[in-house]
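Bear in mind that the values here come from a model prediction, so they are computed numbers and not experimental data.
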Amino acid sequence: MYKFKQDLAMAYFPNCSKKTASRLFARELKLTPGLLDALRPTGYRPSQKRLSPRQLKILHNFLGEP
């Protein structure tokens, strides 16, 4: 099951607008040590809109469940 990145951002930042949540989520991806390195082998690109189940698992391992 794929999930839209914006929906995941809203889950992590529920009290923010979609735009702000997306920006904060992108910042977390950049600032969390090792996260982007772990996502790269899955084919992750910062511009992609949907996240694969494997990418979601990696995100949850680094950031915790929303």
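- Looking at K5, its side chain does come within 3.5 Å of a backbone N or O of P46 through a donor-acceptor pair.
- Annotation: the span from K57 atom NZ to L51 atom CG amounts to 15.5 Å, rounded to 0.5 Å.
- Minimum heavy-atom separation, L8 to H60: CD1-NE2, 4.1 Å.
- Expressed to the nearest 0.5 Å, how far CG of L56 lies from CG of L63 amounts to 11.0 Å.
- Rounding to the nearest 0.5 Å gives a distance of 8.5 Å between OG1 of T32 and CZ of F62.
- To the nearest 0.5 angstrom, E65 atom CD is 6.5 Å from Y12 atom OH.
- In this structure, the side chain to side chain contact (heavy atoms under 4.5 Å, CB included) partners of R23, at least two apart in sequence or on a different chain, are T20.
- Scanning for side chain to side chain contact (heavy atoms under 4.5 Å, CB included) contacts around P53 gives Y2, with sequence neighbours left out.
- Note: F13 CZ to E28 CD = 5.0 Å, rounded to the nearest 0.5 Å.
- The shortest heavy-atom contact between S22 and Q6 is OG-CG, 3.6 Å.
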- In sequence, state the C-alpha distance, the side-chain angles, and the governing distance for Y44 and L29, and then conclude on side chain to side chain contact (heavy atoms under 4.5 Å, CB included). CA-CA 11 Å; Y44 175 79; L29 294 179; 3.2 Å; yes
- Task: Would you check, one step at a time, whether the test side chain to side chain contact (heavy atoms under 4.5 Å, CB included) holds for D7 with R50?
- Result: CA-CA 9 Å; D7 292 338; R50 294 190 313 159; over 6 Å; no
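- Following chains of ILVMFWY side-chain contacts shorter than 4.5 Å, one cannot reach L24 starting from M10, and the two form parts of different hydrophobic clusters.
- In terms of heavy-atom proximity, A21 sits nearest to C16 at N-CB, 3.9 Å.
- Atoms CG and CG, from L59 and L35 in turn, are 5.5 Å apart once rounded to the nearest 0.5 Å.
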